[in-house]
Structures are given as C-alpha cells and as structure tokens.
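Accompanying notes for the structure given below.
Just so we're on the same page: letters track the sequence lines, and every chain starts at 1.
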Amino acid sequence: MTSRSSFRDVLEDIFLQTLKSRIFTNRDVLSHDYVPEELPHREEQIAKLGSVLAPALKGSKPNNVFIYGLTGTGKTAVTKYVLKRLVSKATEIGVGIDTCYVNTRQDDTTYRVILRLGECIGLKLPFTGISTAEAYRRFIKIADARNTIMIVVLDEIDFLIKKQGDELLYRLTRSGDELKNSKISVIGITNDLKLVEDLDPRVRSSLGEIELVFPPYNAIQLEDILRQRAKLAFYPEAISDDVISLCAALAAREHGDARRALDILRVAGEIAEREGVAKVTTDHVYKALKEIEKDRARELITTMPLHNKLVLLAIYILTKSGEKTTTGEVYSQYRSLCQILGIESVTQRRVSDIISELDMVGLINAQVVSRGRYGKTRIISLAIPYETVVEALKEDIYIAPLLSRYR
DNA sequence: CGTCCACAGGAATGACGGGCGG
DNA sequence: CCGCCCGTCATTCCTGTGGACG
C-alpha cells in the first residue's frame, strides 16, 4: 500500500514538474521529423529542387534527382518541404501528384520499399508471401491506374543499394516503359559520395540527370538554425545565446550536423526540465551530449540478437583493461562464453560479420591490419564507455549472470 | 624476394517462420 | 489444408591479401 501511494506520488511529481516547467513551449519543434517553415542557408537548394520538380504541376515528368550531403545537412528537410509545397500547389490547381517518402535504412530490402510505395497510393501488400516481382507488378498496375505524376523519394538510398543492388532503382527509372498513364520520378538521397561508382552506368545516367549537393553547415549557420527553432521551442527566458552557441559549436565539430545540434539542444532542455530549473545552462548541454551517446548505445545494444551481444561481451572482456584485441581472440572468448551458457556458438565467419555490424553502428572500432608474418586481422576496441556496455547488457536475462563473473 | 599467417569477405546453400493462392 | 516462395540468419567452402619473416 505504501509502495503504491508513493509510486503515485512520484508520477504526480513528474506530471506537475512538467506542467509547471518554464522551459519548453513546444518541444516537438526540435524533433527529427519536424519540417520547419524556414530552412536557413538552404535557399539555393530549395530553389533548385523546386525548379526541377515544378514541371509536375503541368503534368510532365520531372527529371530524376540525386541529392548528396552528409547527415544533418538538411537533405531530408528540404526535400520534404519542397514536396509539401508542391503537393499543396497541385491540390490548389487540381493536378494529381503522388509523393512517397521511403527511408531505406528502415526499409532496406527491395520488397519492403515496394511495400512502402504501395502504401502511399493505397495499395495493400502482404508483409511476406508474394515474390518481389509480383509485388512490383501490382504496384505498377495501381500506380498506372491513378494517372498521376508520382514522385518517389528514396532516402539513405545507400543502404538499399549495398544490400540489394540497384535493380529496383533501374526498374523505377525505366518505369516509363511499363506505364501508360502515370509517370514516376525518383529522388535519391545519400550521404555516401562514393555510392555512384557502384551503380550500373544506366542507372547512374538516368538518376543523375540532376545532382544536388548539400554542403555541411558551419558553426555560424548552425547557430542561425538553432536560434530560429529555439524561438519556437523555448520560453524566451529559458534559453540564452551562449547555450545555443555551444550546441552549434559542438555539432560543428562533427561536420556540421544540424540534426545533432538540435538533439543536443532538446536534450539539454529536457535535463533542465527534469532538474526543475527555469533556465538551460551550458552545463546541461555537456550533460546532454553524454546522455545522447549513452542512449544511442543502450538502444542499439538491447535490441541486438543474443549472439551479437555475446560477441560484444567478449570484446568488452578482452578490452576492459585498455588493450586492443583481434578477431581470433574475440572468437575464442565468445566460444567460451557460449560454453558457459550451454548454447551453440556460430561460426567464425558469422562472428566476422557480427564484428562488422558492431563496427558499422559505431559500438566498436575495427580496423583491418596486416601483421605480416602473423597474418591479417582486425584490431578491435570498444568505441563507447565500458559502463554503458555493462548497463545495457545487464538488461538481458541470459547475459546478466555472465557479467558478474567478469567484473 | 617469395612465403605464408590469420584472417577478410564473396558465393552458394540450407533451415526456418510466415503469408500466399489455390 | 498444401505446396510455394519470401526474407533472414547462419553455415560451408572458398579465394584474396599486406607485409614481417626467413
């Protein structure tokens, strides 16, 4: 009874804390999917993309576009913004334009992309069960029946291409042959500048009809962006210029990533709110930076399959006293962990892939080196704080008992 | 200067859970 | 309900390779 009432009090406190908080007026403005009305320092890209897509309003197929730029340079925001404006204009003048945004990091198979494309035009496809070719056929059929200009945005397209190749891209860019009434334009967005080299030359030439480059923001531009958003997100008294400058500077250090800058600012505000103070300080910003890293890592780790966790644990055990390790060492450590748990281990080939996966998401650093006579291997070290690994792995009921053995 | 280590990483193939059309 | 094909994860088998050692 006491626990229940105290629990309610805790909740009550949190609610009241948030309600009486004088930090945020509208926190959503700082979230990822918010598309602002103004995009400072992107006027040039907006104009260019707008002029490329505008022919859709007159019923002709816009050129395909390839957009390059590092993360957080406004590629997605600009694209979504221009499409939003285009669609509202089309509605105004009564022209049919379909748009479909697909992020191929989340939907990284040809099949799932087609699923998404279908969704946008009201076509229901099963999650699994039919062949990719059949799904594509159905999509084309419905798309054609709609008699519209369809603009397909494939964001982070490098993920799709790395996994599935450029088959879908090729078909979409050549879809004119299969469509009688509708037309499909493709906007490909990537942060991998080398990507184009891997493409089929035919895809390259048709997708690269128009190329748009998004340069990184510098610290001053980031400040402008943050200030504009902060005006909408915070009470004026809650935020100060030095906090904004610091967020901008920290994000500029990482190639001018606006998304990161906004994240830092938002989390700093959240921390201030939790602490029940009325003003965000630079101290909150530094705390936010740490928290973001930690949350990201925790999220990644807890959602990994068991064997990935075990490989990570093996790496943790081998590197916790500061030294680096190699694939071979990791594998034997991993094997003995499996033995303790009484489960079967996967092969070294698979562990090699798991190590690549861990490296790709940034949990570890793995670098291929040749040690001459002593072979070629990967030198592996943890890229995140040790206690973050421990905390995240502790949540796994199978792994938790192992952890205490290796303190 | 060739050898050969200790793997990297590609290709083919299989097991499995799941939805499909008939 | 069945046979079929899907995506995913994993295995097996394989060829490739940078550079210290002899």
In whole Å, what is the span from the [atom1] atom of [X] to the [atom2] atom of [N]?
{"X": "A/Arg350", "N": "B/dT13", "atom1": "CZ", "atom2": "P", "value": "20 Å"}
{"X": "A/His307", "N": "C/dT11", "atom1": "NE2", "atom2": "P", "value": "8 Å"}
{"X": "A/Tyr331", "N": "C/dA10", "atom1": "OH", "atom2": "P", "value": "12 Å"}
{"X": "A/Met304", "N": "C/dC9", "atom1": "CE", "atom2": "P", "value": "13 Å"}
{"X": "A/Glu329", "N": "B/dA6", "atom1": "CD", "atom2": "C1'", "value": "12 Å"}
{"X": "A/Arg373", "N": "B/dC7", "atom1": "CZ", "atom2": "P", "value": "14 Å"}
{"X": "A/Ile355", "N": "B/dC7", "atom1": "CD1", "atom2": "P", "value": "10 Å"}
{"X": "A/Ile354", "N": "C/dA10", "atom1": "CD1", "atom2": "C1'", "value": "9 Å"}

Are [X] and [Y] close enough for a salt bridge, meaning some N to O gap below 4.0 Å?
{"X": "A/Arg260", "Y": "A/Asp263", "answer": "no"}
{"X": "A/Glu156", "Y": "A/Lys75", "answer": "no"}
{"X": "A/Glu37", "Y": "A/Lys84", "answer": "yes"}

From the options [options], select the nucleotide whose nearest atom is closest to the side chain of [X].
{"X": "A/Lys376", "options": "C/dG16, C/dT8, B/dG9", "value": "C/dG16"}
{"X": "A/Arg349", "options": "C/dC13, C/dG19, C/dC21", "value": "C/dC13"}
{"X": "A/Arg371", "options": "B/dA8, B/dA6, C/dA10", "value": "B/dA6"}
{"X": "A/Tyr111", "options": "C/dG7, B/dG21, C/dT11", "value": "C/dG7"}
{"X": "A/Gln348", "options": "B/dA11, C/dG19, B/dC7", "value": "B/dC7"}

Practice task
Report yes if at least one side-chain N or O of A/Ser352 is closer than 4.0 Å to OP1 or OP2 of B/dC7; otherwise report no.
Solution key: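 Checking B/dC7 against A/Ser352, no side-chain N or O comes under 4.0 Å of OP1 or OP2.
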Exercise for the section: Could you walk me through whether A/Glu119 and A/Arg116 pass the salt bridge (charged side-chain N to carboxylate O under 4.0 Å, His left out) test, one step at a time? Expected result: CA-CA 5 Å; A/Glu119 231 169 67; A/Arg116 269 299 145 84; 3.3 Å; yes
Problem - Side-chain donor/acceptor contact of A/Arg378 with base of B/dG9 under 3.5 Å - result: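 Checked by distance alone, the answer is no.
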Problem - Between A/Tyr68 and A/Phe214, ring centroids under 6.0 Å - result: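 Not close enough - the centres of the two rings lie 6.0 Å or further apart.
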Exercise for the section: Mind checking A/Thr347 for me? I need base, sugar-phosphate or nothing, with any heavy atom below 4.0 Å counting as a touch. Expected result: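 The residue A/Thr347 makes base contact.
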